[in-house]
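To start, the structure under review is shown below, and the notes come after it.
The first residue in the sequence is number 1, and the count goes up from there.
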Amino acid sequence: MPNIKIFSGSSHQDLSQRIADRLGLELGKVVTKKFSNQETCVEIGESVRGEDVYIVQSGCGEINDNLMELLIMINACKIASASRVTAVIPCFPYARQDKKDKVSRAPISAKLVANMLSVSGADHIITMDLHASQIQGFFDIPVDNLYAEPAVLKWIKENIPEWKNCTIVSPDAGGAKRVTSIADRLNVDFALIHKERKKANEVDRMVLVGDVKDRVAILVDDMADTCGTICHAADRLISAGATKVYAILTHGIFSGPAISRINNACFEAVVVTNTIPQEEKMKHCPKIQVIDISMILAEAIRRTHNGESVSYLFSHVPL
């Protein structure tokens with residue numbers, strides 16, 4: 001493809017390489033290093049004048065360093081006369097800080113990140129499964145929020161033999177929309193778990209709404225961080241009579257005690273996409289399986305570059 005350059009930040013080199021391979025392109029030359037005082041330094045190693053530039057950087061690992069590196073890379077390309085700079089952010093950082101809760105002194109950090117990306121010079125954002133799709137409205141530039149759902153449906157049909165007799169379960173009320181959409185497309189029932197939280201990252205009480213007796217339960221959520229919610233939910237489903245429990249999550253953050261919790265929980269498998277690198281975690285947790293979504297991002301980049309519609313990807317996995 002002429003006039004297109006893809007650069008990778010340091011957060012997820014493997015995904016960037018897969019995207020480039022899929023598009024038949026080489027990754028652009030870029031050197032990122034840190035000065036001894038921990039300031040980030042980025043040098044773009046080739047001309048981007050008049051090019052359509054895509055920078056792949058996920059919100060994972062050292063989140064603040066990676067975000068800063070992305071902002072600096074966008075700015076470096078912009079002031080080197082790139083015609084358009086698109087930030088490809090598979091897992092959007094700070095997406096959970098998207099509203100003020102009852103304590104009115106909380107920040108809305110997702111909006112701040114949106115402003116920072118715009119100010120640094122991004123013309124377009126491609127991301128996946130935003131925690132709340134309203135985050136698109138925090139930007140004044142176009143945002144393509146892609147969905148892992150088609151890839152998830154494909155995985156369920158190929159890997160769960162009893163999928164016609166399953167119940168899709170949301171571990172909280174917020175994910176009900178996501179779950180009903182998948183349940184409709186598989187033509188199966190759904191259930192949801194209502195949880196009461198006393199404070200962040202700690203779950204208090206869980207109430208199951210719906211029937212999972214003698215069925216396979218598939219928990220679906222957009223992200224799992226410390227995994228307290230999904231592990232409690234799995235126990236709740238088993239005690240309600242589910243025969244097997246799977247968890248399917250778009251972003252497997254898995255911080256803190258997550259891995260040991262999954263190892264001790266009653267999951268058949270915990271399936272995540274590779275919006276965040278999972279190689280290290282898979283070594284310590286045999287239950288984790290990965291769905292590759294690089295072809296969805298690559299196809300979105302190709303369509304954006306060629307000025308084609310991206311909405312086909314909302315319901316299909318590119319071949």
Side-chain angles (χ1 to χ4, degrees), residues 11-12 15 56-61 63-64 66-67 70 87-103 106-118 122 125-139 141-152 168-182 192-197 199-203 219-233 247-256 258 270-278 291 293 296-297 300 313-314:
S11 66
H12 202 342
L15 181 65
V56 183
Q57 180 84 302
S58 201
C60 56
I63 290 200
N64 296 327
N66 289 337
L67 176 58
L70 173 63
V88 182
I89 313 173
C91 179
F92 193 84
Y94 291 94
R96 283 174 287 185
Q97 298 184 34
D98 59 348
K99 59 184 177 291
K100 284 192 173 191
D101 43 27
K102 293 195 174 103
V103 181
I108 305 181
S109 310
K111 168 71 172 161
L112 176 63
V113 171
N115 288 344
M116 287 159 69
L117 285 162
S118 300
I125 307 289
I126 295 175
T127 184
M128 182 166 255
D129 272 343
L130 280 173
H131 186 62
S133 51
Q134 296 91 309
I135 291 174
Q136 292 171 88
F138 290 172
F139 291 89
I141 55 177
V143 178
D144 284 318
N145 181 27
L146 303 171
Y147 299 102
E149 184 182 295
V152 166
I168 311 290
V169 186
S170 171
D172 56 17
K177 209 182 231 178
R178 188 179 296 109
V179 165
T180 46
S181 167
I182 290 176
L192 61 90
I193 288 172
H194 169 67
K195 69 179 177 204
E196 293 171 357
R197 269 184 196 227
K199 56 177 191 257
N201 291 1
E202 285 183 26
V203 180
L219 278 162
V220 176
D221 207 353
D222 67 317
M223 62 168 66
D225 190 349
T226 55
C227 293
T229 304
I230 61 162
C231 291
H232 274 109
I248 304 184
L249 316 152
T250 306
H251 308 298
I253 301 168
F254 300 148
S255 65
V270 175
V271 185
V272 293
T273 69
N274 59 346
T275 54
I276 292 174
Q278 301 294 349
I291 302 173
I293 47 83
I296 298 177
L297 292 167
L313 297 174
F314 297 162

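- A search for side-chain contact (heavy atoms from CB on, under 4.5 Å) contacts involving Ala87 returns Leu70, Ile74, Ile89, Ile125, not counting sequence neighbours.
- Formation of a donor-acceptor pair under 3.5 Å by the His251 side chain with backbone atoms of Met128 is found in this model.
- At least one donor-acceptor pair closer than 3.5 Å links the side chain of Gln278 to the backbone N or O of Gly252.
- The side-chain contact (heavy atoms from CB on, under 4.5 Å) search around Ser181 returns Glu149, not counting sequence neighbours.
- By the side-chain hydrogen bond (donor to acceptor under 3.5 Å, both in side chains) test, His12 is found to be paired with no residue, residues two or more places apart in sequence or in another chain being considered.
- Between the side chain of Asn145 and the main chain of Leu130, a donor-acceptor pair closer than 3.5 Å is present.
- With sequence neighbours left out, Ser11 forms a side-chain hydrogen bond (donor to acceptor under 3.5 Å, both in side chains) with Gln57.
- Counting only heavy atoms from C-beta outward, the side chains of Leu15 and Ser58 never approach each other to under 4.5 Å.
- Not counting sequence neighbours, the partners of Tyr147 by the ring pair (Phe, Tyr, Trp, His ring centres under 6.0 Å) test are Phe314.
- With sequence neighbours left out, the side-chain hydrogen bond (donor to acceptor under 3.5 Å, both in side chains) criterion links Thr127 to no other residue.
- Between the Gln136 side chain and the Ser133 main chain, a donor and an acceptor come within less than 3.5 Å of each other.
- For Asn66 (side chain) and Cys60 (main-chain N/O), a donor-acceptor pair under 3.5 Å exists by modelled atom type.
- Side-chain contact between Val179 and Leu192: absent, with no pair of heavy atoms (C-beta onward) separated by less than 4.5 Å.
- Asp101 is linked by a side-chain hydrogen bond (donor to acceptor under 3.5 Å, both in side chains) to nothing, counting only residues two or more places apart in sequence or in another chain.
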For this session: Quick one: do Asn274 and Ile293 satisfy side chain to side chain contact (heavy atoms under 4.5 Å, CB included)? Show the steps, please.
Result: CA-CA 6 Å; Asn274 59 346; Ile293 47 83; 3.3 Å; yes

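- Looking at heavy atoms from C-beta onward, Met223 lies in side-chain contact with Arg96 at the 4.5 angstrom threshold.
- Taking CG of Leu117 as the reference point, atom CG of Leu112 lies at 9.5 Å (rounded to 0.5 Å).
- In this structure, His232 and Ile193 have side chains that are not in contact, with every pair of non-hydrogen atoms separated by 4.5 Å or more.
- Taking the side-chain contact (heavy atoms from CB on, under 4.5 Å) definition, one finds that Asp221 meets it with Pro171, Asp172, Arg178, Leu249, sequence neighbours left out.
- Here Asp144 pairs with nothing under the salt bridge (Lys or Arg N to Asp or Glu O under 4.0 Å) rule; sequence neighbours left out.
- For Thr180, the side-chain contact (heavy atoms from CB on, under 4.5 Å) partners two or more places apart in sequence, or in a different chain, are Phe190.
- Applying the salt bridge (Lys or Arg N to Asp or Glu O under 4.0 Å) criterion to Asp98, with sequence neighbours excluded, gives no partner residue.
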For this session: Evaluate the criterion side chain to side chain contact (heavy atoms under 4.5 Å, CB included) for residue pair Thr275 and Phe92; output intermediate values, then yes/no.
Result: CA-CA 10 Å; Thr275 54; Phe92 193 84; over 6 Å; no

